[in-house]
Amino acid sequence: MLLSALVVIAIVIASGCAVTTVVDNHRRFSPEDARNSIRRNLPIGATEADVTAYLDARGAEHTPIEHEHVADSSAGAHSTERYTIFARFRNVCPHLIPNFVTCDTTVTFYLDSDRGLVDFFAREQFTGP
């Protein structure tokens, strides 16, 4: 009796994992996928409008552009102006524990004082219940 119950539980878990894998592969957008896509679609120097259009077209949540002064050690006591846009692609990474842990890909875009793209950083961010 116990053995048959364990077999049933194993089948249910395996079925859930198979369904989750199909869904995850369909929605997958890992940080590496993000980096490759951004490099193809947003060249260095792309405008703020280009970045937000790219994010909107892909359904990403994102902040408006944010302004900050960054201390620049090479410029002595001067600071450098920099702009950032933070973006989140929700629940797009494959995960091992379905329905308990979600994985988002987050991207930070760095723009210069002319609001042209100079760099970006993509990473996974895990959240739980």
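- In this structure, the side chain to side chain contact (heavy atoms under 4.5 Å, CB included) partners of D114, at least two apart in sequence or on a different chain, are D112.
- Taking E66 as the reference, nothing meets the side-chain hydrogen bond (donor to acceptor under 3.5 Å, both in side chains) condition, with sequence neighbours excluded.
- Shortest non-hydrogen contact noted between P43 and L117 is O-CD2, 3.9 Å.
- Of the possible polar contacts, one joining the N41 side chain to the S37 backbone as a donor-acceptor pair under 3.5 Å is found.
- With sequence neighbours excluded, no residue forms a ring-ring contact (aromatic ring centres under 6.0 Å, His included) with F120.
- In this structure, CZ on R88 lies 10.0 Å from OG1 on T105, to the nearest 0.5 angstrom.
- Not counting sequence neighbours, the partners of R123 by the side chain to side chain contact (heavy atoms under 4.5 Å, CB included) test are T106, F121, Q125.
- Hydrophobic clustering (ILVMFWY, side-chain heavy atoms < 4.5 Å, transitive): I65 and V118 are in distinct clusters.
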Report the C-alpha separation of I85 and L55 in whole Å, then their side-chain angles, then the decisive distance to 0.1 Å, and conclude whether the side-chain contact (heavy atoms from CB on, under 4.5 Å) test is met.
CA-CA 10 Å; I85 297 173; L55 295 170; 4.1 Å; yes
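- Between H62 and F86, every side-chain heavy-atom pair lies at or beyond the 4.5 Å cut-off.
- Closest approach of A60 and F89 over heavy atoms only: CB-CE2, 3.4 Å.
- Here the straight-line distance linking atom CD of E61 with atom OG1 of T63 works out to 11.0 Å at 0.5 Å rounding.
- Scanning for ring-ring contact (aromatic ring centres under 6.0 Å, His included) contacts around F109 gives an empty result, with sequence neighbours left out.
- Looking only at distances, a side-chain donor or acceptor of D104 sits under 3.5 Å from a matching main-chain atom of N91.
- Remark: side-chain polar atoms of D56 are not paired, donor with acceptor, to backbone N or O of A53 under 3.5 angstrom.
- Not counting sequence neighbours, Y83 has no partner by the side-chain hydrogen bond (donor to acceptor under 3.5 Å, both in side chains) test.
- Separating the NE2 atom in H67 from the OG atom in S113 is a distance of 8.5 Å, to the nearest 0.5 Å.
- Looking only at distances, no side-chain donor or acceptor of R115 sits under 3.5 Å from a matching main-chain atom of L111.
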